[in-house]
Amino acid sequence: MSRQQTIGIIGVGNMGGGMARRLLGLGWQVHVRDIDPAKTEVFRALGATVQPTPAALAAAVDRLIVCVIDTPQVESVLFGADGVHASLRAGQTVVMCPTLSPGDVESFGHRLQALGVHMIDAPMSGGPQRAAEGTMSLMVAAPAPVFQANQDLLDALSGLVFNVSERVGDGARTKLANNLLAGINLVGAAQVLAMAQRMGLDLSKTMDVMERSSGQSWISSDRLRRALVNDYAPRAHVTLLEKDTRLAVEAGDAVGFTPELGRLAAAVFAQAHAAGLAHEDDASVFKLYSSSTPG
């Protein structure tokens, strides 16, 4: 197997873990690093090589995927103690998958470029199961030569790769726009379903109508079908859409555009966090409006 099929993944939680499963299943040599040893041991058992530090991982691969949560974590794995900067070589490529502010993405890109390292701005959408299946969405921004040189990896990760721009940062902008709409749709559907509950409607039948009529949205069906059976096991924590909607509103503010509905949705996710729901699935926004057990 060629060295080009050796890939490192930093952060093997829900989405990073899904990508690791996908690449291992396709026969790639996968190296992993995570601050939680229990997560990396799962992938050791599946055939991955576990690295002790981000720097050690970078030294072992030509390309690496960063799939942590937020800007401070990215800063740590890239430029902190034992960060990848200590081992990166000119010509390597870093695929940046977290949802960050466009400004932070651009800054990381410039700092990596100063080391002779390429960065692909590639936030993702779809959840861990779709990541493992290779059916998630990737919103990719990178110079054309960098995109072309890494298309094998991108195509292995996803059958739905959107090449949105050559300007690093536009992947982040696209992801924030998408996630802001997802947050608006989820909050709106949770409120409407709670209203239907107050009106004495059968919620499952109400969802049947919404899913096949003009009120349909993917995230509403995915999340609220789980809410109807009190399944709030976290696939995507409240804190993620709380962060993403906040960043999206800030991005709008930065260009002089105020997304009023987005600001309201961001406030709802912040309210859910304050209500003790931070680490539940984001379907739990339904709890803010529900008067009783769904049914």
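Atoms considered below: every heavy atom in the structure, side chains included; atoms not considered: hydrogens, waters and symmetry mates.
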Let me see the working for M96 and V74 under side-chain contact (heavy atoms from CB on, under 4.5 Å), right down to the final yes or no. CA-CA 9 Å; M96 189 69 65; V74 173; 3.8 Å; yes

Run the side-chain contact (heavy atoms from CB on, under 4.5 Å) check on F286 and N230 step by step: do they pass? CA-CA 10 Å; F286 179 69; N230 288 306; over 6 Å; no

Distance, nearest 0.5 Å, that separates [atom1] of [X] from [atom2] of [Y]:
X: S137; Y: N178; atom1: OG; atom2: CG; answer: 7.5 Å
X: Q51; Y: D82; atom1: CD; atom2: CG; answer: 12.0 Å
X: D34; Y: F43; atom1: CG; atom2: CZ; answer: 9.0 Å
X: F162; Y: K175; atom1: CZ; atom2: NZ; answer: 13.0 Å
X: S290; Y: R198; atom1: OG; atom2: CZ; answer: 8.0 Å
X: Q216; Y: W218; atom1: CD; atom2: CH2; answer: 11.0 Å

Check [X] against [Y] and note the closest heavy-atom contact, atom names and distance.
X: S221; Y: M207; result: CA-CE, 3.9 Å
X: T99; Y: L247; result: O-CD1, 3.9 Å
X: T206; Y: A196; result: CG2-CB, 4.1 Å
X: C67; Y: M19; result: SG-CE, 3.6 Å
X: R89; Y: V61; result: NH2-O, 2.9 Å
X: V285; Y: A190; result: CG2-CB, 3.9 Å

Is there a donor-acceptor contact under 3.5 Å from the side chain of [X] to the main chain of [Y]?
X: R63; Y: V94; value: no
X: S284; Y: E280; value: no
X: T174; Y: D170; value: yes
X: D281; Y: A236; value: yes
X: S213; Y: G215; value: no
X: T53; Y: A56; value: yes
X: S158; Y: D155; value: no
X: S87; Y: A55; value: yes

Given the rule in the side chain to side chain donor-acceptor pair (under 3.5 Å) test, do Q191 and Y289 qualify, once you have shown the distances and angles that lead to the verdict? CA-CA 6 Å; Q191 291 181 346; Y289 309 110; 3.2 Å; yes

Are [X] and [Y] side-chain neighbours, meaning at least one heavy-atom pair lies under 4.5 Å?
X: L157; Y: L138; answer: yes
X: R44; Y: V42; answer: no
X: T239; Y: H273; answer: yes
X: L264; Y: V187; answer: no
X: L288; Y: F269; answer: no
X: T6; Y: D62; answer: no
X: M136; Y: Q129; answer: no
X: D282; Y: L186; answer: yes

Same apolar cluster (I L V M F W Y, side chains within < 4.5 Å links), [X]/[Y]:
X: I184; Y: M210; result: no
X: M139; Y: I120; result: no
X: V105; Y: L64; result: yes
X: I69; Y: I10; result: no
X: I9; Y: I35; result: no

I would like to know whether L26 and R22 meet side-chain contact (heavy atoms from CB on, under 4.5 Å); could you show each step before the answer? CA-CA 6 Å; L26 292 175; R22 169 68 175 171; 3.6 Å; yes

Is any NZ, NE, NH1 or NH2 atom of the basic residue among [X] and [Y] found under 4.0 Å from an Asp or Glu carboxylate oxygen of the other?
X: D121; Y: R173; value: no
X: E211; Y: R225; value: yes
X: R246; Y: E250; value: yes
X: R223; Y: D231; value: no
X: K243; Y: D70; value: no
X: R130; Y: E133; value: no

R111 NZ/CZ over F79 ring centroid, <6.0 Å and within 45° of normal: yes

Apply side-chain contact (heavy atoms from CB on, under 4.5 Å) to residues L277 and Y232 and explain how you reach the verdict. CA-CA 10 Å; L277 304 175; Y232 296 107; over 6 Å; no

Mind telling me whether H237 and H279 have parallel, tilted or perpendicular rings, with 30° and 60° as the class edges? perpendicular

I would like to know whether S107 and D104 meet side chain to side chain donor-acceptor pair (under 3.5 Å); could you show each step before the answer? CA-CA 5 Å; S107 175; D104 286 340; 5.9 Å; no

Please identify which of these residues, V84, V95, L78, meets the side chain to side chain contact (heavy atoms under 4.5 Å, CB included) condition with V66. L78

